[in-house]
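Heads up: numbering here begins at 1 and tracks the sequence. First listed ligand is number 1; within each ligand, the first listed atom is number 1.
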Amino acid sequence: MSLFGGRKTVNVDADILVIGGGMAGTGATYESRYWGRDLKIVCVEKANIERSGAVAQGLYAINCYMGMQWGENQPEDHVRYARNDLMGLVREDLGYDIARHVDSSVHKFEEWGLPMMRDSKTGRYQREGKWQIMIHGESYKPIVAEAARKAASEVYNRIMVTHLLTDSSKPDRVAGAVGFNVRTGEFYVFRAKAVIICAGGASHIFKPRSVGEGMGRTWYAPWSSGSAYALPIRVGAKMMQMENRIVLARFKDGYGPVGAYFLHLKTYTQNGYGEEYESKWKEHTRALVGNYIDHHPTPTCLRNHAFLQEVAAGRGPIRMVTTEAFQDPHKETVGWENFLGMTIGQAVVWASQNIDPKYINPELTTSEPYVMGSHATCSGAWASGPEDIAPSDYNWGYNRMMTVDGLFGAGDTIGGSAHKFSSGSFAEGRIAAKAAVKYVMEKGRDQPQVSEQEVRDLERTIFQPLENYRVGRNEIVGGTVSPSYLLPIHGLQRLEKLMDEYVGGIGTNYMTNDRLLSRGLELLTMLREDMSHIGAEDLHQLQRAWELQHRLLASESVAHHTLFRQETRWPGYYYRGDHMKLDDENWHCFTLSRYDRETGKWAMEKAPVHHIID
Ligand SMILES: Cc1cc2nc3c(=O)[nH]c(=O)nc-3n(C[C@H](O)[C@H](O)[C@H](O)COP(=O)(O)OP(=O)(O)OC[C@H]3O[C@@H](n4cnc5c(N)ncnc54)[C@H](O)[C@@H]3O)c2cc1C
């Protein structure tokens with residue numbers, strides 16, 4: 001039996017196909033059913049929606065809640081907040097759209113059974129900070145998954161989507177997607193009238209601080225493999241702000257989040273000599289970014305910048321002062337529970353390193369960079385905005401539709417709308433779904449056609465790494481290094497190393513320049529050439545091979561964007577050594593890219609930033 005001949009193909013037809021069943025994907029699936037009562041709604045997920053995605057391990061806070069019912073914040077306030085944090089550059093129409101809808105999503109979570117913490121005096125949700133409310137988050141993901149399961153016509157778990165399909169007569173119209181079952185190896189062909197991509201962000205494109213056996217421990221979910229970017233990039237969708245990677249200050253070695261510590265326990269940081277250091281770097285930072293340093297709250301990247309400068313000046317490590325707060329037994333309990341319920345690895349690291357935060361101030365570190373669209377960063381696809389508020393050049397039809405017809409996105413996938421977090425991603429999934437249903441209904445009988453030839457070619461491409469391994473394995477008697485194939489782990493390490501060294505990772509203290517980036521792009525091209533020689537031992541490795549392909553395409557996009565923006569807009573996230581200052585005169589704009597899969601070339605352009613909120 002030949003390799004390809006015996007493989008089962010499963011054909012699935014859908015009106016709406018949701019790729020990725022994390023926060024945005026469950027929101028999109030739920031809302032698709034609300035507006036599309038008679039439509040066939042299919043959700044496809046590479047893990048299992050019950051526990052998949054970045055929130056799967058449980059959270060202690062919902063980080064985006066306005067509290068409009070109590071007059072706590074208005075959507076305009078959130079736009080101002082995100083704009084300030086991103087040094088002026090956000091899509092205000094998209095951010096406003098999420099902010100005005102997010103509260104109702106949070107109310108749904110509570111209705112569906114999510115345990116919310118309440119302030120015993122006011123009866124309102126317990127605030128952790130201005131935007132965050134506290135929850136018991138362990139059940140968060142199963143609860144939204146249940147809503148999606150009940151709404152979907154079908155949910156396909158364990159299917160890794162590898163490619164989008166386009167209309168055979170109109171290449172800029174989406175027609176579905178293909179992938180494979182990571183357990184059975186069946187080939188899946190989804191034909192769909194509209195596709196909503198909700199496949200999360202990208203970790204492991206830069207070398208992580210945790211290496212060797214610890215390399216799976218990154219801050220952003222290690223399974224976030226950049227599919228949200230690679231899938232649309234390959235079919236020509238424009239990306240925005242892909243240079244705006246995020247670096248986070250986190251507890252050392254476990255990447256435990258610091259938000260609850262700063263906001264709820266009121267802890268603070270100091271250098272290795274017990275001194276306050278942030279204020280010392282104010283004038284230095286002002287020389288780079290002007291009065292952005294005076295903005296309140298201090299933008300996340302600029303706080304990182306002070307941290308990095310202090311360590312580079314030889315006064316590390318930076319520590320979180322927990323010894324004062326932890327004298328209060330209530331705060332001590334909250335501090336431990338925060339990690340036991342959310343980042344248990346941090347509690348284990350502390351226990352294993354003899355760190356009791358009641359007596360020892362734990363070290364912080366800055367993470368390797370990640371690419372995502374939902375945190376204090378806004379990389380992702382360039383999407384059409386809401387028709388009632390989007391300026392004309394941000395609106396080309398349906399809300400959250402990319403520059404490819406019928407292709408929508410939400411959550412980490414969509415660029416320009418930072419600080420949406422879990423709740424905002426779910427709300428954005430709902431927004432995208434409503435528009436996608438409208439799109440499907442208005443298209444009526446005008447349906448995309450799938451080319452059988454394209455499907456068969458993709459099948460061959462997708463499973464080729466198994467064949468490469470099967471044949472090449474005979475050339476070696478032991479070990480993992482073969483003259484004819486590259487294993488996914490080898491490719492991943494090569495990618496991470498070159499992104500680290502050339503595109504501004506931890507190895508260069510986040511520094512890069514035009515020469516480094518140009519060389520990095522040459523090396524990325526060579527890696528791309530070698531990708532046809534990837535060998536996969538089994539289906540698990542086949543998934544790793546395709547995750548690597550997606551990470552590589554996302555990385556190329558990051559490198560091109562970083563080269564294009566000739567300024568250092570976000571010191572603390574990365575530095576362009578040849579353009580160390582923020583340059584509002586020339587670069588108060590978005591950067592957009594478009595990849596041409598026929599030529600392998602990237603086209604870059606600027607797009608204006610419209611400020612629609614005062
Ligand atoms: C450590 C950490 C802490 C956080 N803390 C908070 C917090 O306290 N509060 C808060 O509100 N938010 C928090 N967030 C942010 C929140 O998790 C994200 O904003 C949110 O999950 C983004 O939603 P998404 O749907 O875009 O991505 P995800 O929820 O990650 O979902 C993406 C889904 O796509 C699937 N997928 C990926 N590729 C493919 C493919 N090729 N084929 C099929 N399926 C695929 C994945 O398996 C996953 O299920 C945190 C995130 C992290 C990593």
Interatomic distance, Ile62 atom CD1 to Glu128 atom CD [nearest 0.5 angstrom]: 11.5 Å
Show me the short polar-atom pairs for ligand 1: any N or O of it lying under 3.5 Å from a protein N or O, with distances only.
unit_1: ligand 1; atom_1: 8 (O); unit_2: Ala61; atom_2: O; d: 3.3
unit_1: ligand 1; atom_1: 9 (N); unit_2: Ala61; atom_2: O; d: 2.7
unit_1: ligand 1; atom_1: 9 (N); unit_2: Asn63; atom_2: ND2; d: 3.3
unit_1: ligand 1; atom_1: 11 (O); unit_2: Asn63; atom_2: N; d: 3.0
unit_1: ligand 1; atom_1: 11 (O); unit_2: Ser422; atom_2: N; d: 3.2
unit_1: ligand 1; atom_1: 11 (O); unit_2: Ser422; atom_2: OG; d: 2.6
unit_1: ligand 1; atom_1: 12 (N); unit_2: Ser422; atom_2: N; d: 3.4
unit_1: ligand 1; atom_1: 19 (O); unit_2: Ser374; atom_2: OG; d: 2.7
unit_1: ligand 1; atom_1: 19 (O); unit_2: Phe421; atom_2: O; d: 3.4
unit_1: ligand 1; atom_1: 25 (O); unit_2: Met23; atom_2: N; d: 3.2
unit_1: ligand 1; atom_1: 25 (O); unit_2: Ala24; atom_2: N; d: 2.8
unit_1: ligand 1; atom_1: 26 (O); unit_2: Asp412; atom_2: N; d: 2.8
unit_1: ligand 1; atom_1: 29 (O); unit_2: Met23; atom_2: N; d: 3.1
unit_1: ligand 1; atom_1: 30 (O); unit_2: Ala54; atom_2: N; d: 2.9
unit_1: ligand 1; atom_1: 34 (O); unit_2: Cys198; atom_2: O; d: 3.4
unit_1: ligand 1; atom_1: 38 (N); unit_2: Ser227; atom_2: OG; d: 3.4
unit_1: ligand 1; atom_1: 41 (N); unit_2: Val161; atom_2: O; d: 3.0
unit_1: ligand 1; atom_1: 41 (N); unit_2: Ser227; atom_2: OG; d: 2.9
unit_1: ligand 1; atom_1: 42 (N); unit_2: Val161; atom_2: N; d: 3.1
unit_1: ligand 1; atom_1: 44 (N); unit_2: Lys46; atom_2: N; d: 3.1
unit_1: ligand 1; atom_1: 47 (O); unit_2: Glu45; atom_2: OE2; d: 2.6
unit_1: ligand 1; atom_1: 49 (O); unit_2: Glu45; atom_2: OE1; d: 2.6
unit_1: ligand 1; atom_1: 49 (O); unit_2: Glu45; atom_2: OE2; d: 3.2
unit_1: ligand 1; atom_1: 49 (O); unit_2: Ser52; atom_2: OG; d: 2.8
unit_1: ligand 1; atom_1: 49 (O); unit_2: Gly53; atom_2: N; d: 3.3

Taken in chain and number order and not counting sequence neighbours, the residues that satisfy side chain to side chain contact (heavy atoms under 4.5 Å, CB included) with Ser139 are Leu114, Pro115, Ile143
Could I get the full list of side-chain hydrogen bond (donor to acceptor under 3.5 Å, both in side chains) partners for Ser374, not counting sequence neighbours? Asp412
Verify whether the ring centers belonging to Phe339 and Trp350 lie closer than 6.0 Å. yes
Tell me the salt bridge (Lys or Arg N to Asp or Glu O under 4.0 Å) pairs involving residues 45-68, sequence neighbours left out? Lys46-Glu547, Glu50-Arg149, Arg51-Glu138
Treating Asn244 as the side-chain partner and Thr377 as the backbone partner, does any N or O pair qualify as donor plus acceptor under 3.5 Å? no
